[in-house]
Engineer: 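To start, I am sharing the structure in question, which I have written as structure tokens.
Letters A, B, ... are given to chains in the order of the sequence lines, protein chains preceding strands, and every chain is numbered from 1. Nothing here was measured: the structure is a model prediction, and the numbers come from that model.
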Amino acid sequence: MADLELPTRQGHAPDASLPRGLPGEIPITLTINGERRELHVRPWTTLLDLLREDISLYGTKKGCDHGQCGACTVLLDGERINSCLALAVTKDGCEVTTIEGLAAKDGALHPMQEAFIEHDAFQCGYCTPGQICSAVGLLKEGHARTREEIREMMSGNLCRCGAYTNIVDAIEDVLAKEAAK
Amino acid sequence: MNRFSYARPGSVADALREVSSSPAAKIIAGGTNLVDLMKYNVERPTHLVDVSRLPGLKAIEETQEGGLRIGALVSNTSAAYDERVKERYPLLSSAILAGATAQLRNAATTGGNLLQRTRCYYFYDAAVPCNKREPGTGCPAKDGVNRIHAILGTSEKCIATHPSDMAVALAALEAVVRVAGPNGERSIPMAEFHRLPGDTPEKDTNLGADEIILAVELPEARFTKNYTYLKLRDRLSYAFALVSVAAALEMDGDKVAEARIALGGVAHKPWRVPEAEKMLRGKAPDREVFEAVAERILQGAQGYGENDFKIELARRSVIRALSQAAAGTPQSQTDKRIQ
């Protein structure tokens with residue numbers, strides 16, 4: 001398809017390759033990992049593709065691209081969502097946190113990142129950014145306490161290597177440390 | 001994904017105008033189903049109307065009738081964990097939490113949940129015929145792969161099911177859908193919101209093409225103790241129901257005063273049989289009565305090969321759900337062991 005070249009972020013000029021009456025790029029503002037960004041997006045660009053293709057944040061992964069695997073999980077205004085099913089234009093004004101934004105400014109890892117390393121909660125690592133963002137979302141929600149609840153609340157994140165046992169260990173560990181605070 | 005124009009109206013009136021501006025306009029809120037369908041070229045809107053910021057549709061409020069009004073843009077998460085919903089409509093909270101994943105429930109809205117499309121494999125595959133997707137092309141599911149398909153209320157044209165868990169609970173609770181259109185607002189009872197496929201399977205609901213959902217209204221709280229949402233599926237979490245049962249009983253001493261039973265995963269809409277519910281009135285909640293009720297609900301059920309098992313599964317699920325409801329031991333949506 002001729003109109004599949006990567007969007008540029010220069011101006012709003014209508015794209016000659018698009019059918020008549022369609023918009024070029026729409027200006028939006030997103031705060032991504034604490035940094036406010038003025039962006040221009042086409043309405044069919046998903047948040048996932050925007051992050052990876054336009055902003056070069058490759059930590060968020062594309063797995064199924066259909067909301068079934070959770071590899072693309074990011075935090076939107078603090079809540080975990082599948083970025084593959086979110087059109088970027090509809091998230092104008094929102095705050096997005098990706099795996100790149102979890103560590104502190106001085107580079108200190110988020111407790112969930114530490115716990116994943118500590119518990120060896122991954123093998124190939126492809127699902128890991130989504131798993132960790134999802135787990136951080138779970139932590140904030142505060143509905144999961146037991147292992148059983150963690151498993152249920154993490155069912156939107158698949159791990160084809162089968163690191164589930166250690167993933168649950170890692171999350172349980174962080175939950176316990178949070179509870180002890 | 002096809003190309004489309006985009007609008008973000010600031011009021012319901014503007015949204016209605018935008019929806020009517022193009023015959024292939026589509027409303028987007030959470031987008032969890034629509035964007036997926038667009039990626040499969042099943043939905044090909046020419047104009048997307050983003051209603052996600054419309055004012056006044058994100059609240060859960062008391063109604064004058066003593067019920068609760070859940071705005072169309074309230075997320076599935078917000079509805080399920082709302083203290084008033086948990087306390088007064090625990091069946092609804094349970095059903096919502098039985099569906100999808102935390103990520104999807106965070107994004108998905110109340111209105112969008114009702115309007116999600118079937119997960120029929122043929123509907124989703126734009127390369128094959130499907131009467132729902134392209135009227136008149138045929139239904140490969142009837143003689144094809146149909147493990148997940150309907151056993152009740154099917155037609156020659158379509159044997160798809162409605163996939164929502166939330167809608168099954170709303171049907172049992174006799175909720176009402178408030179909608180706005182060019183001629184003002186109206187209410188559609190849940191029993192009439194979704195349709196059977198008949199000769200027009202392309203129409204899932206009785207919502208007009210120029211209407212939008214404003215809210216779901218629940219009547220005054222009932223069935224807060226004796227209820228259950230029992231969902232049977234191919235894996236323990238994040239799977240659509242093969243069969244689900246929302247059962248709600250109002251007890252009068254050791255007798256059933258009133259009953260509501262709705263089934264999911266078995267038809268093109270949440271399946272209720274009021275005559276079967278009446279059979280429970282004044283009866284002690286015992287297995288014999290439950291068996292008769294289940295038989296009545298499944299009267300006329302028809303399998304299409306791979307889904308034949310659903311008839312017996314549904315029969316047993318109704319009996320088990322009624323037992324759980326009568327005992328006041330609702331199915332946990334975390335501990336999946338069925339008691």
Side-chain angles (χ1 to χ4, degrees), chain A residues 1 3 15 17-19 21-23 26 28 41-47 49 64-70 72-87 89-93 130 133-134 137-138 141-158, chain B residues 1-8 21-22 27-40 44-53 75-78 80-81 86 93 97-108 112 119 124 233 235-240 332-337:
Chain A
M1 284 166 71
D3 56 350
D15 184 333
S17 68
L18 291 172
L22 284 179
I26 298 173
I28 64 167
V41 297
R42 289 177 175 167
W44 46 86
T45 301
T46 62
L47 180 57
D49 288 341
C64 68
D65 209 22
H66 289 282
Q68 297 178 2
C69 75
C72 69
T73 302
V74 299
L75 300 165
L76 185 84
D77 291 337
E79 292 185 351
R80 49 180 165 159
I81 62 154
N82 303 103
S83 62
C84 74
L85 293 181
L87 296 177
V89 68
T90 66
K91 303 306 173 196
D92 189 8
C133 284
S134 190
L138 172 147
E141 289 156 14
H143 300 304
R145 289 166 299 274
T146 64
R147 283 186 77 83
E148 227 164 22
E149 287 166 343
I150 293 169
R151 283 166 56 90
E152 170 61 26
M153 300 291 182
M154 288 295 292
S155 72
N157 292 84
L158 301 187
Chain B
M1 204 185 299
N2 67 296
R3 295 347 189 185
F4 49 84
S5 52
Y6 171 82
R8 193 189 294 153
S21 69
S22 160
I27 287 175
I28 186 163
T32 53
N33 187 214
L34 181 60
V35 174
D36 190 30
L37 290 165
M38 286 160 66
K39 289 183 177 187
Y40 282 113
R44 299 178 60 82
T46 55
H47 186 51
L48 266 198
V49 183
D50 181 359
V51 297
S52 64
R53 290 144 202 258
S75 74
N76 285 177
T77 297
S78 300
Y81 291 114
K86 283 198 299 191
S93 177
L97 293 177
T101 65
Q103 287 98 315
L104 288 167
R105 291 192 296 266
N106 280 343
R119 272 17 178 235
Y124 252 82
R233 44 189 151 173
R235 59 182 182 196
L236 287 178
S237 183
Y238 194 22
F240 290 98
S332 163
Q333 302 305 351
T334 304
D335 179 352
K336 304 298 170 68
R337 282 170 295 190

Engineer: Could you tell me which portion of A:Thr90 (side chain, backbone, both or neither) has an atom closer than 4.5 angstrom to a non-hydrogen atom of chain B?
Structural biologist: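 Contact with chain B is through both the backbone and side chain of A:Thr90.
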
Engineer: Checking heavy atoms, do the side chain of B:Asp335, its backbone, both or neither come under 4.5 Å from chain A?
Structural biologist: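 Both the backbone and the side chain of B:Asp335 come within 4.5 Å of chain A.
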
Engineer: Do the ring planes of A:Trp44 and B:Phe4 sit parallel (below 30°), tilted (30 to 60°) or perpendicular (above 60°)?
Structural biologist: perpendicular

Engineer: Report the option among A:Asp92, A:Leu138, A:Thr46 that has the most heavy-atom pairs separated by less than 4.5 Å from atoms of chain B.
Structural biologist: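 Option with the top pair count is A:Asp92.
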
Engineer: For chain A, find which of B:Leu34, B:Thr101, B:Leu236, B:Leu97 contributes the most heavy-atom pairs closer than 4.5 angstrom.
Structural biologist: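 Of the candidates given, the most pairs with chain A belong to B:Thr101.
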
Engineer: Calculate, to the nearest 0.5 Å, the distance between atoms CG and CG belonging to B:Asn106 and A:Asn82 respectively.
Structural biologist: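 The distance works out to 9.5 Å.
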
Engineer: Look at the rings of A:His66 and B:Tyr40 and say which category their plane angle falls in: under 30° parallel, 30 to 60° tilted, over 60° perpendicular.
Structural biologist: parallel

Engineer: If you count heavy-atom pairs under 4.5 Å with chain A, which of B:Lys336, B:Arg8, B:Arg235, B:His47 comes out on top?
Structural biologist: B:Arg8

Engineer: Measure B:Leu104 against the heavy atoms of chain A and call it side chain, backbone, both or neither at under 4.5 Å.
Structural biologist: both

Engineer: Specify which of A:Thr146, A:Val89, A:Asp65, A:Thr73 makes the most heavy-atom pairs with chain B at under 4.5 Å.
Structural biologist: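 Option with the greatest count: A:Val89.
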
Engineer: Side chain of A:Asn157, backbone of A:Gly130: donor and acceptor closer than 3.5 Å?
Structural biologist: yes

Engineer: Can you tell which part of A:Glu141 gets under 4.5 Å to a heavy atom of chain B, answering side chain, backbone, both or neither?
Structural biologist: side chain

